[in-house]
Amino acid sequence: MRERPGSTVCEHCGAGASDAGDSGVPDSVAAPRRRDRDEEGRARSARPRDGLGRPLPYGSPGVARQPEGVPRTPAQSLTEAQRLLDDGMPFHAHEVLEDAWKAAPEAERELWRGLAQLAVGLTHAARGNAVGGTSLLDRGAAAIAPYADASPYGIDIAGLMTWARELTGRLAGSGAVPAAETAPRLRTTGEATENRPSGDEV
């Protein structure tokens, strides 16, 4: 989840960033560390992460982050996000969908933002955070709901809304869910059309 400097909320999908301070060392004891930056000088944590995007101590082996700003067609974004979901890495799928959100035309922005929120909701659910998972699943389902009639790119809007509702029901009073086994199907068919829907279809 990518945050603005000083913010605890992802600037793109609105997910809360609960990763800070996970090193196990109290902030009052830990030595001050310079803010990590990417190649362009933007603030971006260089801490390794596990398969669910949880930060690990510096120097630990982790799962490679998704590169930011990769140009993909909508179909390519959906295929890559589905692969990551199927592999039990919804946090990484969220990063792919977030890139699609940033590149999307205005009429589709809430669609991609909602898909990213669903992936973050599954991330929280798989981490055992029922409250965060429920919140993001509800927000994601609400964001994609207006696209139900058009189902752009073969996205299974109705199926995803049902999946989110059923998963939030499972989260009440339960622990973590298995990410890969709980992952949704993003599309109704194996291939999505490359044709971008017109503004009056969404």
Side-chain angles (χ1 to χ4, degrees), residues 1-5 7-19 36-55 62-124 126 132 136-137 139-144 146-147 150-157 160 164 179-180 183-187 190-197 199 202:
M1 294 169 256
R2 299 165 189 143
E3 305 85 33
R4 293 187 184 97
S7 174
T8 59
V9 177
C10 175
E11 65 182 285
H12 303 300
C13 68
S18 59
D19 299 336
D36 295 329
R37 302 275 174 186
D38 65 14
E39 300 79 28
E40 283 91 34
R42 295 173 299 194
R44 188 174 191 197
S45 176
R47 283 176 68 180
R49 292 179 180 257
D50 69 7
L52 290 175
R54 292 174 290 213
V63 177
R65 297 281 302 267
Q66 290 297 301
E68 190 173 354
V70 175
R72 298 181 181 94
T73 66
Q76 290 169 334
S77 295
L78 291 165
T79 297
E80 180 64 5
Q82 188 69 64
R83 181 187 71 78
L84 292 163
L85 288 168
D86 292 344
D87 287 347
M89 296 190 290
F91 176 84
H92 299 79
H94 143 267
E95 293 187 312
V96 170
L97 294 166
E98 194 172 85
D99 270 348
W101 180 92
K102 293 193 306 189
E106 188 63 34
E108 295 179 25
R109 289 175 69 82
E110 284 302 298
L111 169 68
W112 294 101
R113 182 178 181 186
L115 293 174
Q117 288 173 326
L118 292 178
V120 175
L122 177 56
T123 300
H124 283 298
L136 267 298
L137 290 166
R139 286 164 59 190
I144 67 172
Y147 300 87
S151 294
Y153 310 113
I155 298 171
D156 186 5
I157 303 293
L160 287 167
R185 303 303 307 164
L186 297 176
R187 293 182 281 187
E191 295 299 324
T193 178
E194 289 287 348
N195 296 328
R196 181 167 281 160
V202 293

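Bear in mind that the values here come from a model prediction, so they are computed numbers and not experimental data. Worth knowing before you read on, the calculation uses all heavy atoms, side chains too, and leaves out hydrogens, waters and symmetry mates.
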Peer 1: Once rounded to the nearest 0.5 Å, what's the spacing between atom CG of Leu115 and atom CD1 of Ile157?
Peer 2: 6.0 Å
Peer 1: Do you know the tightest heavy-atom contact between Gly132 and His124?
Peer 2: C-CB, 3.9 Å
Peer 1: Hey, what do you get for CZ (Arg54) to OG1 (Thr123), rounding to the nearest 0.5 Å?
Peer 2: 10.0 Å
Peer 1: I'd like to check the side-chain hydrogen bond (donor to acceptor under 3.5 Å, both in side chains) partners of Glu110; sequence neighbours left out, ordered by chain and number.
Peer 2: none
Peer 1: Examine distances only and state if a side-chain atom of Thr73 and a backbone atom of Gln76 form a donor-acceptor pair shorter than 3.5 Å.
Peer 2: yes
Peer 1: Would a 4.5 Å heavy-atom cut-off, applied to side chains only, mark Glu80 and Arg72 as touching?
Peer 2: yes
Peer 1: What's the shortest heavy-atom distance between Ala126 and Ala179, and which atoms?
Peer 2: CB-CB, 3.9 Å
Peer 1: So, using salt bridge (charged side-chain N to carboxylate O under 4.0 Å, His left out) as the criterion, who are the partners of Arg185 when residues are at least two apart?
Peer 2: Asp86
Peer 1: Check the pair Thr79 / Arg187 against side chain to side chain donor-acceptor pair (under 3.5 Å), numbers first and verdict last.
Peer 2: CA-CA 9 Å; Thr79 297; Arg187 293 182 281 187; 2.8 Å; yes
Peer 1: Determine yes or no for a side-chain-to-main-chain donor-acceptor pair under 3.5 angstrom, with Glu98 supplying the side chain and Gln117 the backbone.
Peer 2: no
Peer 1: Salt bridge between Arg113 and Glu108, side-chain N to carboxylate O under 4.0 Å?
Peer 2: no
Peer 1: Testing the basics here: between Leu111 and Pro152, what is the closest heavy-atom pair and its distance to 0.1 Å?
Peer 2: CD2-CG, 3.6 Å
Peer 1: Kindly indicate, with the supporting measurements, whether the criterion side-chain contact (heavy atoms from CB on, under 4.5 Å) is fulfilled by Leu78 and Trp112.
Peer 2: CA-CA 10 Å; Leu78 291 165; Trp112 294 101; 3.8 Å; yes
Peer 1: Is a side-chain N or O of Trp101 found less than 3.5 angstrom from the main chain of Arg109, in a donor-acceptor match?
Peer 2: yes
Peer 1: Which residues satisfy the side-chain contact (heavy atoms from CB on, under 4.5 Å) test with Pro48, sequence neighbours excluded?
Peer 2: Leu56, Ser60
Peer 1: Specify the closest pair of heavy atoms between Gly121 and Leu137, including all atoms of both residues, with the distance to one decimal.
Peer 2: CA-CG, 4.0 Å
Peer 1: Given 3.5 Å as the limit, does a donor-acceptor pair link the side chain of Gln82 with the main chain of Leu186, or not?
Peer 2: yes
Peer 1: Please report the shortest heavy-atom distance between Leu118 and Ala164, naming the atom on each side.
Peer 2: CD2-CB, 4.0 Å
Peer 1: List the steps, then state whether side-chain contact (heavy atoms from CB on, under 4.5 Å) holds for Asp50 with Val63.
Peer 2: CA-CA 5 Å; Asp50 69 7; Val63 177; 5.5 Å; no
Peer 1: Applying side-chain contact (heavy atoms from CB on, under 4.5 Å) to Phe91 and Leu52, what does each step give before you reach the verdict?
Peer 2: CA-CA 6 Å; Phe91 176 84; Leu52 290 175; 5.6 Å; no
Peer 1: Can you give me the closest heavy-atom contact between Ser77 and Ala100, atom names plus distance?
Peer 2: OG-CB, 3.8 Å
Peer 1: With distance as the sole test, does Asp87 use its side chain to make a donor-acceptor pair with the main-chain N or O of Met89 at under 3.5 Å?
Peer 2: no
Peer 1: Verify, without hydrogens or angle tests, whether Asp156 (side chain) and Leu160 (backbone) share a donor-acceptor contact under 3.5 angstrom.
Peer 2: no
